[in-house]
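Contents: one structure, followed by commentary.
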There are 2 protein chains.
Amino acid sequence: MEKGKISQDRIVTAATQLFYTQGYNQTSVSDIASEIGITKGNLHYHFRSKDELLEAVINHRLHYITDSLEQWDKEFPEPKARLKRFVKMVLNQESEIMRYGCPMGSLNVELGKCQDSLRNKARAMFDEFANWLEKVFKQMGHKDSKTLSKHLLSMAQGAALMSYVYADGKLLKRELKEIEKWIDSLAQK
Amino acid sequence: MEKGKISQDRIVTAATQLFYTQGYNQTSVSDIASEIGITKGNLHYHFRSKDELLEAVINHRLHYITDSLEQWDKEFPEPKARLKRFVKMVLNQESEIMRYGCPMGSLNVELGKCQDSLRNKARAMFDEFANWLEKVFKQMGHKDSKTLSKHLLSMAQGAALMSYVYADGKLLKRELKEIEKWIDSLAQK
DNA sequence: GTCTATAAGAAGATAGAC
DNA sequence: GTCTATCTTCTTATAGAC
């Protein structure tokens, strides 16, 4: 009864990685199965369809995001420190972003052109960050916290995408510095 | 001898649209063929492989970009007016971007995870804009014209991506206004 | 739970008639 | 140039033995 859980976890972990590095459509069920040394048939026992597996992957990412945000809330009571922790997260992923893009952004771009249900699922990752950022901006006394939240996400996504297209880590660092300057310039009650 | 050209053009036009709205990997050769009322076999007579067709599609886009930039150069001698024309282009595509994302950005994200040759081809579209913007910033007397060019592209891409993820046209308009404010704030000799 | 075997279909691509 | 027919490979998914 525990072993089943372990296999499921291994599948989701492998799928998360492969969907990220190769893309959802370019990754076959066989790819994932062989990655962890099981067969396609076995994988289909745990996940009836590829879509179902994708949903598990997104849920996996969602949980990770939620945990991170909770952690940050505990570690950084000061709002601007929270915003900067968000920026730092992007910087920490520099090499992956350069090679594979933002895991959240690229998945949304890919799934956006598929079914609506998948599109909505993928968007939920953005919502997680957007709602958290909105909360932080409110904490700073901003009435347009929704706008600011989306603006910060927009800048971060632009930076990630461009650094991915040009495989340029310096570009990412430069753009993140600009974002930090923007954060510094914000009013705070 | 002219008719062949016409068929090729029709194929490229249809493929350009479908690759954009459905994604490259989600679009089959049959989709394109049936869209313009020809058969797969016929399409393969004009383009040996799907990759070859993709290359033609990207070249088609590249030519369109080149033509647009030349046009803007003629129409707007003033550098800031040129930059704003670039922003206006994004605004003009609002409804398409909302639904399908930036044609250049999303194609790059999708192809980035494929072969290197395709990745480079797709990046050429960005280069077209990047070089033109760099020229404009140089014209304004900026020494960091390369950085500014990428920064502007980064902001525009972020705006397009976020407005796509949230299917939110107002978000796009808001972000573009911010970009225009940034352009206004730039020094000019 | 995990395997082998296989179905069922879609995709890219080719051959040959017209 | 355009069609029909076919090939081959890959993919998702299922059935049934162990």
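Counting to the nearest Å, the C1' atom of C:dG1 and the CD1 atom of A:Ile11 are 11 Å from each other. One can place CD of A:Gln8 at 8 Å from P of C:dG1, the figure rounded to the nearest angstrom. When the P atom of C:dT2 is taken as reference, atom CZ of A:Arg10 falls 9 Å away, rounded to whole Å. Spacing between atom NE2 of A:His46 and atom C1' of D:dT12 amounts to 17 Å, rounded to whole angstrom units. Distance A:Ile36 CD1 to C:dT2 C1': 12 Å, rounded to the nearest Å. Regarding A:Asn42, its CG atom lies at a distance of 15 Å from the P atom of D:dA13, rounded to whole Å.
Take B:Phe86 and apply the ring pair (Phe, Tyr, Trp, His ring centres under 6.0 Å) test, not counting sequence neighbours, and it matches B:Phe129.
Judged by distance alone, the side chains of B:Gln139 and B:Glu78 never bring a donor and an acceptor atom under 3.5 Å apart.
Taking a cutoff of 4.0 Å between a charged side-chain nitrogen and a carboxylate oxygen, B:Asp184 and B:Lys84 qualify as a salt bridge. Taking the charged nitrogens against the carboxylate oxygens, A:Glu134 and A:Lys138 do have a contact shorter than 4.0 Å, which makes a salt bridge.
Within residues 108-120 of chain B, no residue has a heavy atom under 4.0 Å from DNA chain D.
Proximity of B:Leu83 to B:Leu186: side-chain heavy atoms (C-beta onward) are separated by under 4.5 Å at one or more points.
A:Tyr24 and A:Tyr20 are not part of a single hydrophobic cluster, where members link through side-chain heavy atoms under 4.5 Å apart.
Remark: B:Lys113 is not positioned above the aromatic ring of A:Tyr100, lacking an NZ or CZ atom under 6.0 angstrom from the ring centre and at most 45 degrees off the axis. Cation-pi contact between B:Arg119 and A:Tyr166: absent, since separation from the ring centre below 6.0 Å together with deviation from the ring axis within 45° is not met.
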For this session: Starting at the 5' end of nucleotides 11-18 of chain C, put B wherever the base has a protein heavy atom under 4.0 Å, S where only the sugar-phosphate does, and a dash everywhere else.
Result: SBBB----
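Distances shorter than 4.0 Å separate none of the side-chain N or O atoms of A:Ser7 from OP1 or OP2 on C:dG1.
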